[in-house]
Protein chains: 2
Amino acid sequence: MASPTTDALVQLSFVIQSRLSDLASSRDLSLTQLRMLGVLRDRRPTMQDLAGHLGLTKSSLTGLIDRAEQRSLVVRTPDASDGRTVRVELTELGRSLAAEGTVAMNDAMDALLEPLSASDRKVLHRVAVRLAEAGQEQA
Amino acid sequence: MASPTTDALVQLSFVIQSRLSDLASSRDLSLTQLRMLGVLRDRRPTMQDLAGHLGLTKSSLTGLIDRAEQRSLVVRTPDASDGRTVRVELTELGRSLAAEGTVAMNDAMDALLEPLSASDRKVLHRVAVRLAEAGQEQA
DNA sequence: TATTGTTATACTCTATAACTATA
DNA sequence: TATAGTTATAGAGTATAACAATA
């Protein structure tokens with residue numbers, strides 16, 4: 001048997017992912033696309049950097065950006081200083097979808113956390129920050 | 001901007017999913033297949049029930065079980081009392097993989113939680129149980 | 001008629017390997 | 001040669017709609 005804490009944490013992560021997935025697909029986005037839009041809100045990365053942020057190979061990213069570009073969510077722009085490099089940025093449409101997605105995410109998480117006491121929320125916040133940092137460093 | 005708590009929780013869920021994914025793919029399983037094996041550890045469900053547990057359509061499940069059956073992880077068995085119904089159960093190989101996966105999951109979660117104090121773990125446990133329950137009821 | 005499951009089809013996501021263009 | 005990105009190819013996962021078999 002899985003330990004009770006393992007089980008609860010894993011289940012919670014599936015609950016969160018499922019909320020995010022629903023929220024994305026109600027806007028005809030995949031979860032990967034929603035993450036990608038989120039990353040681009042404050043960056044104009046190269047293809048390779050973006051692949052790194054999302055944990056994808058460069059060829060996977062090519063396809064992802066192809067589909068997003070077809071939908072006018074992002075554009076590829078040449079890099080002035082290196083002819084091999086391509087930078088990706090949001091279009092206006094992409095930016096508004098990204099902003100909308102962020103609001104929806106906050107609402108969904110607020111709803112999920114609603115049953116918790118203020119002190120539990122505080123602890124959860126602190127613990128989540130710490131674990132997320134530790135987890136991403138290791139990866 | 002996403003609220004700090006939303007951000008941390010969402011990131012944490014991605015960290016957990018990524019750990020689980022790694023753990024699954026090191027055994028040549030997808031995360032969905034690993035979940036499916038976990039569900040079958042203590043059930044012998046119909047195709048439809050299993051689809052419900054995993055949040056998939058019946059046709060998606062047909063493909064998933066086709067692939068798992070080709071790898072001898074599960075078997076389809078006819079239901080004695082209803083000729084339309086198919087039940088799915090683990091093979092010995094599937095059962096040992098499922099058990100191994102559970103152990104690996106516990107180890108991975110223990111490693112992730114290692115930096116937390118005992119009291120933080122206690123709160124996290126209680127909160128995760130509560131949120132996971134609430135989240136799954138709603139779904 | 002209603003239910004259970006499969007098939008046909010299509011699309012997204014992902015990867016590996018080979019390729020092109022630039023440095 | 002090395003790096004950035006794309007293309008070719010393949011397979012998993014997912015869904016919708018049409019179908020077959022059973023109830």
Side-chain angles (χ1 to χ4, degrees), chain A residues 14 17-18 20-39 44-71 73-89 97 139, chain B residues 14 17-18 20-39 44-71 73-89 97 139:
Chain A
F14 278 109
Q17 297 275 314
S18 151
L20 297 178
S21 240
D22 288 353
L23 183 164
S25 65
S26 75
R27 287 157 181 83
D28 259 299
L29 297 170
S30 69
L31 191 43
T32 301
Q33 282 172 323
L34 187 63
R35 282 175 73 202
M36 182 265 286
L37 295 180
V39 168
R44 212 179 122 265
T46 66
M47 291 291 281
Q48 197 142 54
D49 285 349
L50 184 51
H53 271 289
L54 298 173
L56 300 175
T57 63
K58 55 190 183 170
S59 82
S60 297
L61 193 69
T62 293
L64 188 72
I65 297 302
D66 284 349
R67 292 184 292 273
E69 205 169 22
Q70 276 164 24
R71 290 179 55 184
L73 302 177
V74 303
V75 285
R76 284 171 163 102
T77 56
D79 184 290
S81 65
D82 187 333
R84 297 168 300 182
T85 297
V86 171
R87 291 192 176 270
V88 185
E89 58 192 295
L97 253 189
Chain B
F14 278 109
Q17 297 275 314
S18 151
L20 297 179
S21 240
D22 288 352
L23 183 163
S25 64
S26 76
R27 287 160 181 80
D28 260 299
L29 297 170
S30 70
L31 192 42
T32 302
Q33 282 172 324
L34 187 63
R35 281 176 74 201
M36 180 265 285
L37 295 181
V39 168
R44 212 177 122 266
T46 66
M47 292 291 282
Q48 197 141 55
D49 285 349
L50 184 51
H53 271 288
L54 298 172
L56 301 175
T57 63
K58 55 189 183 169
S59 82
S60 297
L61 193 69
T62 294
L64 188 71
I65 296 302
D66 283 350
R67 293 184 290 273
E69 205 170 21
Q70 276 163 24
R71 290 179 54 185
L73 302 178
V74 302
V75 285
R76 284 172 163 100
T77 56
D79 185 291
S81 65
D82 186 335
R84 296 168 301 182
T85 296
V86 170
R87 291 192 175 269
V88 185
E89 57 191 297
L97 254 188

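Scope of the values below: all heavy atoms of this structure, side chains included, with no hydrogens, waters or symmetry mates. Below, chains carry the letters A, B, ... as their sequence lines are ordered, and counting in each starts from 1.
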* Asked: So what does A/Thr57 touch, heavy atoms closer than 4.0 Å: a base, only the sugar-phosphate, or nothing?
  -> base
* Can you tell me the distance, in whole Å, between the CG atom of B/Leu61 and the C1' atom of D/dT16? => 16 Å
* Asked: B/Leu29 CG to D/dG13 C1': how many Å, rounded?
  -> 14 Å
* **Gap between atoms CG and P, on B/Asp66 and C/dA8 respectively (whole Å)** => 12 Å
* Asked: Of all the choices, D/dA2, D/dA15, C/dA15, which nucleotide is nearest to the side chain of A/Ser60 once you look at every atom?
  -> C/dA15
* To do: Nearest whole angstrom, please: distance from the P of C/dA15 to the CG of A/Leu54.
  => 11 Å
* Asked: Would one find a side-chain N or O of A/Thr62 under 4.0 angstrom from OP1 or OP2 of D/dT6?
  -> yes
* Rounded to the nearest Å, what distance is computed from the CD1 atom of residue B/Ile65 to the P atom of nucleotide D/dG13? -> 10 Å
* For A/Ser59 and for A/Gln33, locate the closest nucleotide of DNA chain C by heavy-atom distance; then report the residue assigned to the nucleotide nearer the 5' terminus. => A/Gln33
* To do: For A/Leu56 and for B/Val86, find the nucleotide of DNA chain C with the closest heavy atom, then tell me which residue's nucleotide is more 5'.
  => B/Val86
* Report the distance from atom CE of A/Met47 to atom C1' of D/dT3, rounded to the nearest whole Å. => 15 Å
* Answer yes or no: does a side-chain N or O of B/Arg84 lie under 4.0 Å from OP1 or OP2 of C/dT6? => no
* Asked: Between CG of A/Leu97 and CZ of A/Arg27, what distance do you get to the nearest 0.5 Å?
  -> 7.5 Å
* To do: In whole angstrom, give the distance that lies between atom NZ of B/Lys58 and atom C1' of D/dA20.
  => 11 Å
* Asked: Base, sugar-phosphate alone, or nothing: which one does B/Gly63 contact when heavy atoms must sit under 4.0 Å apart?
  -> nothing
* Closest to side chain of A/Thr85, choosing from D/dG5, C/dG5, C/dA15 -> D/dG5
* Let me know the distance between CG of B/Asp49 and P of C/dG5, rounded to the nearest Å. => 8 Å
* Are any non-hydrogen side-chain atoms of A/Ile65 and A/Leu50 less than 4.5 angstrom apart? -> yes
* Tell me what A/Asp82 touches on the nucleic acid: a base, only sugar-phosphate, or nothing, going by heavy atoms under 4.0 Å. => sugar-phosphate
* Asked: What is the nucleic acid contact for A/Arg87, judged by heavy atoms within less than 4.0 Å: base, sugar-phosphate only, or nothing?
  -> nothing
* Are the charged groups of B/Arg76 and B/Asp66 less than 4.0 angstrom apart, N to O? -> yes
* Considering only C/dT14, C/dG5, D/dA12, which nucleotide approaches the side chain of B/Arg67 most closely? -> D/dA12
* Gap between atom OG1 of A/Thr85 and atom CD of A/Gln48 - 0.5 Å precision -> 8.5 Å
* Could you give the distance from CD (A/Gln17) to CG (B/Leu31), rounded to the nearest 0.5 Å? -> 9.0 Å
